[in-house]
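Note that the coordinates shown come from a computational prediction; the quantities given were computed from them, not determined experimentally. Proteins come first, then strands; the chains are lettered A, B, ... in the order of their sequence lines, and each starts at number 1.
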Amino acid sequence: MQHRIDPEKVGPQGEVMAHAIEACVHCGFCLPACPTYQVLGEEMDSPRGRIFLMKEVLEGSLSLEEAQPYIDKCLGCLGCVTACPSGVPYGELITSFRAYSEPKRRRPLFQKAFRMGLQETLPYPARFRAAARLGRLARPLKPLLPSFLRAPLELLPAELPPPEPLPERVAAEGERRARVAFLAGCAQQVLQPGFNRAALRVLARNGVEVVIPKGQVCCGALALHTGERERALRLARQNLRAFSGDYDAILTNAAGCGSGLKEYPLLFRGEAEEEEARALAQRVKDIAVFLVELGLREVPPLKEPLRVAYHDACHLAHAQGVRAEPRALLRSIPGVELVEIPEGELCCGSAGTYNLEQPQIAATLGERKARNILATGAQVVVTGNIGCHTQIQNHLRKLGQNLPVLHTVELLDKAYAGQL
Amino acid sequence: MTPALRELEILFPKGLLHRPGELAPYESDALTAFRARPLAVVLPESHEEVVAAVRWCQKHRIPYVARGSGTSLSGGSLPVEGGIVIALNRMNRLLRLDPKERTAVVQPGFINLQVSLAAAPYGLYYAPDPSSQPVSTIGGNLAFNSGGAHCLKYGMTSNHVLGAKVVLPDGETASLGSESLEGVGPDWLGLFVGSEGLLGIATEVTLRLLPKPEAYHTVLAAYDTLEKAGEAVAAVVASGILPGAMEIMDSLAIEAAEAAVGAGYPREARALLIVELEGEAPEVEAEAHHLEQVIRSSGAYEVRVAQSEAERMKIWKGRKAAFSAVGRLSPDYIVQDGVVPRSKLGQALAEIERLSERYGLRVANVFHAGDGNLHPLILYNGRVPGELERAEELAGEILRLCVALGGSITGEHGVGMEKRAYMPEMFSPTDLEAMRRIRQALDPLELSNRGKMFPGGEPRPPSGPHPLERAGVIVRE
Amino acid sequence: MNSLRPTHPKEVQEAVRSHPRLLPRGGGSKPALSSPKEGQVALELTGLSGVLEYNPGEYVVVARAGTALAELEALLRAHGQYLPFDPPFVGQGATLGGTVAAGLSGPMRNRYGGVRDFILGVEFVDGLGNLVRGGGKVVKNAAGFDLPKLMVGSLGRLGVLTELAFKVFPYPKATATLKVAFPNLGEALEALYRLAASPIELYALDLVPPNSLVLRLGGLPEALPARLERLEGFLGRRGERLQEEAEKAYWEGVRDLRDFGEGYLVKVALTPRHIPALEARLGAAPRRYMSAGHLLYLAWSGPVEALDEALRAEGLPGLILRGVVANPRIGLNSEGTFGLKVTAALDPEGRFERYAAPN
């Protein structure tokens, strides 16, 4: 699409945004892939419409305030990137645009405080735990709270598992086949510490020595995707240091963190550490990809056949193109019958802090996802991301269904342990 | 807000968009070379609401355009500056599907591909398959008589629409066609389909469903020249086989499609021919045997046959993504849609290549070879001063070439905004006058999709009473 | 009675301009539609004849409207092609223009579609005497209003056809026919529905009352025996097979509607859903349902009012082709202002017969 953006005027990411806008031919193939367009059915809430709006803002012919509500509604699921035939790097565009626009916008004080609160708690397991406890205490007050505070309360689990500090190193079982560094993730340490335990056990069982570097922090994706570039840079710099050792790979078992690390080159564009960021990003792998490349040690057959629905986390499928590997892992468990979820490409509505900031759309998408999952008749749902896990579990329960929701490595771990 | 707009807001309390941020994304369809800011967008949810919107436009003499997913490549759903966009996206329900009578009744905002998905459990499908089918709506398909890759054998949208409930430009409702494939009396529905939104807005469409073919046989043949691929098409036709589809892509298009979807095409090929047979298994098997001989002697250096449905879908995915994929090769492009007699394909392609060199602009070719429907994609960079103008000029030359060779300026994208200046190349003033009389009989103020299809912008100022007025058929406000 | 015989479109224009009321007429094979009334000048179009363009590799043929179907068909068959909508009355001298104006197709329309699905281009003289072109001469075209389709079934009321372009297809290399009798209409109809929804591709799918289906297969000769077997397997019963010359002769007779005896010959557009109720009303009238129950031809010996009433009761439109009547359009006529306005646009002075809506 033609534009009149002057990248110079826009700042360090001007070139990235101009390039993305140029690549869009407005063909509309992104419409069916976009969750907000599916729900709202209006052009402004589609990727193509947002690209147009961003273009207008960057050209200076539309005020930021006019465009902002629609930019805010984007989940950043990147379903459109998969659907786009002309290769628009929409993820880079929206991330850059949010970084560009955040300092320019005026938010109401309470919203500022809320967002700041999220940024200051979610990435820090200890703070998040404390906040979550507080939140549980606040539950009875829910009807009295403003809506933006109600959503987070709904997502909190009834019971938080006890904290479990992770070891610094886990030895390989049997012959050592690889040595990796592991990013533990932030929210999942509090909400589902079992994900990491399962990951470490499965890795060890497959002959992988795992180092969990000290000094690692939140990957910064949360900050980056909400336009807090400086905060994201601060966190990312710490991680560059923490993961600088010599590893065969840097693993994560959270889709959002994996894609966050892979976005470092974009984040550091024009910074001194740009090269370093690129080098790190190249070594980052989702645990499923790593295990498939490594080759799984034999998994014992399940006692009974199990019908498993695999849910594609957007930040695996769309952001990292990881679709085949988790399925391959699941299929390598004898007895697993893998089923596909209808509308599988569509986001579940979790999308980082989206379900906190746009609770209505998130809930519509969550329910839609839950119904699609139930339609498969699966006995277990598996996914590779903490956000999806929380969202899906929540919406299945709302529909009165107690279908277990597991992380891919959890199912694998249980299979190795003969628990299924 | 003007009083008129306030009135519209009362009619559409939850379906009116009028803020700049809401209107900007509606300024263009898939032809971004044109843009126009509407006064407002309304989102009706029922037939009655469409009537209300049309009547409001009548009352205030404001032009309007109905819009589906905005995928028109001819600027057909481009808003009229200061007019109303009637966006039909909320009217997106499947109203009925009757597997026994093999019909589906849908609202205009229903997506083309969804018809086939809904019909699939009954072994049925909806035949017209424009490349935009995952996105484009039945209403838009109907207005522009969309085509696709299977038109030679199965025809275009018009051949698959049985009936339509429409809102005429005066706000009256008409019911055209029936459920029968046959009719008595003039084919009013035939006229309505493809009228580019000038004669009214369909609010309910009855589609005919076909049984899904039992077997497919999809062949991908690679050639070292475009000419050989063209000759292969002629040879297939001469053999008496009637394939469901015959498509050709040139090297630029192959490059783009590969980059977009990794269809597994031979990248080095100068031309790819896709031929698809379909039908009863024993017949397809026998035809495949004949086809193999034809293709073998056509000089293809590599021939692949899809061995599974997945392989077949992959071949088609590349072809269908080709247009948009060209966005990877160039920041801007114009898609053309000319038709030439099949025997003139080689001549047309050679001439296009010559024009491409003369204008210094790359042209990628993707086309429905079976029906001579060319889709030259003219690549340009809009930021280079003068390139857009050169590209448009080149596009015009191609259209004139198509007409000169006995073809048409549009096979399936419609005239819309883009090709209206070329209508006089194809039709005489008398022909256009007759079409215009039909239009004015139904829409004397020319409000419905004003500025499309007919050359010239604003409606001609009425010079004295129209013959129809004299005859008492039409009445002006 | 006054009549003119133009041999050039210009003469048609002159005729239209100089006569207040005209009725175009081709081969006269459908007398109900081509017998001039008091005050009408008959415009005999058989002088406007001849194939103008035909290149078999294009699948397109262009001919003057007064060209006899028989002449055109002979030319196409010499190149292994045909008009896939299978027009009737070829043997009775029907012309291309008359076929379009009456909107008639025959049994083989079942495979690929009717006359509306194959018409590509049209040239006609409108009610103001203008020579107007619509459509084109290529198999795919979306430019301008689809005037060619509009002319299908127009009965000469929108203009006098002077030239037509059609898409043609290769004629099947071999054909074979299966006549299958069922115990009753219900079972025959059920089989018709099953066949129509199946991937079995039939050139003709006719229901011959009281309880038979006649099915025509076409394609490559080497695949036909297996397909006939499959067809019988699909139906779960054997039928009488027709092949070679006998088969061809049989279908020519059917296509030309020869075995309908005396009385009004009528076309009815319908869907198979209407068949049971119609069957209860039509008594002994010779009839045949074609194209999977979408097209009925019948001969009616009783008063035309009775048939009109029967069709209205079923909500179906009919067209009388043979037999003299004031208005050949019977049964349902749901034409509204859309049609009136378009008609007035093309014939503002009312030179052509309108066949005004009876209801």
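Contact annotation for B/R328: both backbone and side-chain heavy atoms come within less than 4.5 Å of a heavy atom of chain A. With a threshold of 4.5 angstrom between heavy atoms, A/H3 approaches chain B through its backbone and through its side chain. Of the two parts of B/N92, neither the backbone nor the side chain holds a non-hydrogen atom closer than 4.5 Å to a non-hydrogen atom of chain A. Neither the backbone nor the side chain of B/A87 comes within less than 4.5 Å of any heavy atom of chain A. For B/K320, the part sitting under 4.5 Å from any heavy atom of chain A is the backbone (N, CA, C, O) and nothing else. For a residue to count as touching a neighbouring chain, one of its non-hydrogen atoms must lie under 4.5 Å from one of that chain's; by this rule A/C84 touches chain B with the backbone only. Contacts of B/L17 with chain A are made by side-chain atoms alone, with heavy-atom separations under 4.5 Å and no backbone atom involved.
Remark: the backbone N or O of B/L31 is not paired with any side-chain donor or acceptor of A/H26 at under 3.5 angstrom.
Heavy-atom minimum distance, A/P32 versus B/P134: CG-O, 3.4 Å. Between B/V135 and A/F29, the shortest heavy-atom distance links the atoms CG2-CA, 3.5 Å. In this structure, A/F52 and B/S28 approach most closely via the heavy-atom pair CE1-OG, 4.4 Å. The two residues A/C27 and B/A30 come nearest to each other via the heavy atoms CA-CB, 4.1 Å. Here the shortest heavy-atom pairing between B/G21 and A/L62 reads N-CD1, 4.0 Å. Closest non-hydrogen pair, A/P85 versus B/A321, comes out as CB-O, 3.8 Å.
Surrounding CD of A/E8 are at most 12 heavy atoms belonging to other residues, nucleotides or ligands under 6.0 Å away. In A/Q360, the CD atom is not crowded: 12 or fewer heavy atoms of neighbouring residues, nucleotides or ligands sit closer than 6.0 Å. Within a 6.0 Å sphere centred on CD of A/E15, other residues, nucleotides and ligands contribute 12 heavy atoms or fewer. Within 6.0 Å of the NZ atom in B/K314, the count of heavy atoms belonging to other residues, nucleotides or ligands does not exceed 12. Annotation: A/R105, atom CZ; neighbour count of heavy atoms from other residues, nucleotides and ligands within 6.0 Å is above 12.
Rounded to the nearest 0.5 angstrom, A/I5 CD1 and B/R383 CZ are separated by 7.5 Å. The CD atom of A/E22 sits 7.5 Å away from atom CG of B/D332, with the distance rounded to the nearest 0.5 Å. Atom CZ of A/R48 is separated from atom OG of B/S69 by 7.0 Å, given to the nearest 0.5 angstrom. The CG atom of A/L31 lies 8.5 Å from the OG1 atom of B/T71; values are rounded to the nearest 0.5 Å.
Per-residue counts of heavy-atom pairs under 4.5 Å with chain A were compared for B/P331, B/A260, B/S72; the largest is that of B/P331. Your options are A/M1, A/R50, A/E43, A/K55, and the one with the most heavy-atom pairs under 4.5 Å with chain B is A/E43. Your options are B/V41, B/T32, B/L23, and the one with the most heavy-atom pairs under 4.5 Å with chain A is B/T32.
Remark: of the listed residues A/M44, A/E66, A/E42, A/M44 is the sole one forming a side-chain contact (heavy atoms from CB on, under 4.5 Å) with B/E22.
Here the side chains of A/L53 and B/P25 are in contact, with some heavy-atom distance below 4.5 Å.
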